[in-house]
Engineer: 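One structure follows; several queries about it will come next.
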Protein chains: 2
Amino acid sequence: MNGPAQTENHLTRNQSLVLDALSKSGGPLSAYSILDQLRDHGFRAPLQVYRALDKLLEFGMVHRLESLNAFVACRHPSCDDHETIAFTICDRCGQVAEISDDTVAARLQSLATDAGFALKSSTVELRGTCRKCQPSSCKMVQ
Amino acid sequence: MNGPAQTENHLTRNQSLVLDALSKSGGPLSAYSILDQLRDHGFRAPLQVYRALDKLLEFGMVHRLESLNAFVACRHPSCDDHETIAFTICDRCGQVAEISDDTVAARLQSLATDAGFALKSSTVELRGTCRKCQPSSCKMVQ
DNA sequence: TTGCACATGTTATACCATTACACAATGACA
DNA sequence: TGTCATTGTGTAATGGTATAACATGTGCAA
């Protein structure tokens with residue numbers, strides 16, 4: 001009844017459904033939120049979501065936000081570059097943006113190397129308030 | 001029976017117990033591990049741990065490792081500088097080290113500002129293998 | 001002494017993630 | 001064509017992390 005097993009360049013049905021849910025949401029979702037959204041499509045258990053997420057993370061099409069225990073669809077046009085990515089997370093509206101910066105990536109790599117640490121992956125998450133949620137606005141330039 | 005309410009520069013009994021447990025462990029502990037260690041001292045519920053941790057985090061005496069859902073005692077001699085701190089986390093032995101670097105901190109601040117993002121706090125966690133856990137060692141320079 | 005701020009104790013619950021087992025679909029290959 | 005390894009799926013049960021809600025206690029100040 002379900003589609004065929006996964007082949008290269010193709011997502012399985014469950015993976016597509018999870019990715020769609022994340023893409024349409026436009027923001028971070030918890031695994032259980034995704035599950036709730038996909039019950040109409042036959043999802044019944046958390047593991048169906050987590051397994052799809054594991055693959056999507058592996059493909060670099062989804063990112064995990066450690067400080068939120070949530071997931072977002074990758075915003076990069078083509079998810080080719082799996083570099084170090086930083087996220088800004090707005091504490092007011094929950095909006096998440098991706099920042100990719102070679103300077104930070106290189107410096108972190110350098111710091112790790114200096115410490116004799118073999119770096120495999122980095123988590124960089126910035127908490128604060130996004131432009132739209134700034135408390136006072138319309139500041140005139142003096 | 002318990003000590004007095006918290007005053008400046010003093011930790012309450014529960015806060016001291018939690019900090020001691022973290023300090024003695026020398027590595028990251030989950031809140032529930034701390035709870036188990038402190039049952040002999042009268043701890044019965046997770047909230048007793050989480051409330052103490054909240055304060056210790058506020059005081060900068062403890063750090064939270066988002067990617068581990070765990071906590072560590074701050075290693076800085078005096079916990080005066082609450083700057084951006086990066087952590088290296090060894091995937092093999094679990095060892096955690098703190099790195100403080102102005103270059104990364106400044107660059108992250110700059111990136112946030114450029115994006116109109118009011119930065120409040122940063123999470124930087126590096127995953128990999130520590131010096132002691134490197135797979136092959138004693139590599140000769142060619 | 002009344003009220004406030006804060007720390008505490010307890011129960012219950014919500015939220016996040018994985019283990020274990022059974023089954024189905026696919027592709028490689030003899 | 002049949003066998004086998006691999007991978008994806010479905011389900012139930014469990015384990016791990018964190019907070020809500022409510023009651024009590026203690027020190028301090030008006």
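Residue numbers start from 1 in every chain, and the chains themselves are labelled A, B, ... in the order their sequence lines are given, proteins ahead of strands.
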Engineer: Quickly work out the A:Leu53 CG to D:dG8 P distance and round it to whole Å.
Structural biologist: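 Between P of D:dG8 and CG of A:Leu53: 14 Å.
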Engineer: Provide, to the nearest angstrom, the distance between the CZ atom belonging to A:Arg13 and the P atom belonging to D:dT9.
Structural biologist: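 That distance rounds to 10 Å.
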Engineer: If you restrict it to nitrogen or oxygen atoms, what contacts under 3.5 Å exist between nucleotides 14-21 of chain C and the protein, and what is each distance?
Structural biologist:
residue : atom : partner : partner atom : Å
C:dA17  : OP1  : A:Arg64 : NH1          : 3.1
C:dA17  : OP1  : A:Arg64 : NH2          : 2.3
C:dA17  : OP2  : A:Tyr50 : OH           : 3.0
C:dA17  : O5'  : A:Tyr50 : OH           : 3.3
C:dA17  : N7   : A:Tyr32 : OH           : 2.7
C:dA17  : N6   : A:Tyr32 : OH           : 3.2

Engineer: How long is the line joining NE2 of A:His10 and P of C:dT26, in whole Å?
Structural biologist: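 Going from A:His10 (NE2) to C:dT26 (P), I get 14 Å.
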Engineer: Okay, side chain of A:Gln134, backbone of A:Thr129: is any donor-acceptor separation there less than 3.5 Å?
Structural biologist: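 Judged by distance alone, yes, a pair lies under 3.5 Å.
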Engineer: Going by side-chain contact (heavy atoms from CB on, under 4.5 Å), name the residues that satisfy it together with A:Thr113, two or more places apart in sequence or in a different chain.
Structural biologist: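 A:Thr113: side-chain contact (heavy atoms from CB on, under 4.5 Å) contacts with A:Gln109.
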Engineer: For A:Asn14, is there any backbone N or O sitting under 3.5 Å from a side-chain donor or acceptor partner on A:Gln48?
Structural biologist: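 Pair absent, no side-chain N/O of A:Gln48 close to backbone of A:Asn14.
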Engineer: Can a side chain N or O of B:Gln48 be found less than 4.0 Å away from OP1 or OP2 on C:dG9?
Structural biologist: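 For C:dG9, OP1 or OP2 has a side-chain N or O of B:Gln48 closer than 4.0 Å.
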Engineer: B:Leu17 has an atom CG; how far is it from atom P of C:dA7, in whole Å?
Structural biologist: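 B:Leu17 atom CG is separated from C:dA7 atom P by 16 Å.
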Engineer: Is the number of heavy atoms from other residues, nucleotides or ligands under 6.0 Å of B:Lys120 NZ greater than 12?
Structural biologist: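 Yes, NZ of B:Lys120 has more than 12 neighbouring heavy atoms, counting only those of other groups under 6.0 Å.
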Engineer: Applying salt bridge (Lys or Arg N to Asp or Glu O under 4.0 Å), run through B:Glu66 and B:Arg64 and close with a yes or a no.
Structural biologist: CA-CA 6 Å; B:Glu66 301 286 354; B:Arg64 178 186 171 84; 3.1 Å; yes
Engineer: When you get a sec, tell me which of C:dG9, C:dA7, D:dG8 is the closest nucleotide to the side chain of B:Lys55?
Structural biologist: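 The closest nucleotide is C:dA7.
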Engineer: Would you give the length of the straight line joining atom CG of B:Leu57 to atom SG of B:Cys74, rounded to the nearest 0.5 angstrom?
Structural biologist: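 Here the interatomic distance stands at 11.0 Å.
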Engineer: Given atom CG of A:Leu35 and atom P of D:dA12, what is their separation to the nearest angstrom?
Structural biologist: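 Those two atoms, CG and P, are 13 Å apart.
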Engineer: In whole angstrom, give the distance that lies between atom CD of B:Glu58 and atom C1' of C:dA7.
Structural biologist: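 B:Glu58 atom CD is separated from C:dA7 atom C1' by 13 Å.
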Engineer: Reckon B:Thr12 has a side-chain N or O less than 4.0 Å from the OP1 or OP2 of C:dC6?
Structural biologist: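 Checking C:dC6 against B:Thr12, no side-chain N or O comes under 4.0 Å of OP1 or OP2.
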Engineer: For B:Glu66 and D:dT17, give me the distance from atom CD to atom P, rounded to whole Å.
Structural biologist: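 B:Glu66 atom CD is separated from D:dT17 atom P by 14 Å.
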Engineer: A side-chain contact here means heavy atoms from C-beta on lying under 4.5 Å apart; do A:His41 and A:Arg13 qualify?
Structural biologist: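 The answer is yes, as the side chains (C-beta and beyond) meet within the 4.5 Å cut-off.
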Engineer: CG of B:Asp36 versus C1' of D:dG16: gap in Å, rounded?
Structural biologist: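 After rounding, the gap between these two atoms is 12 Å.
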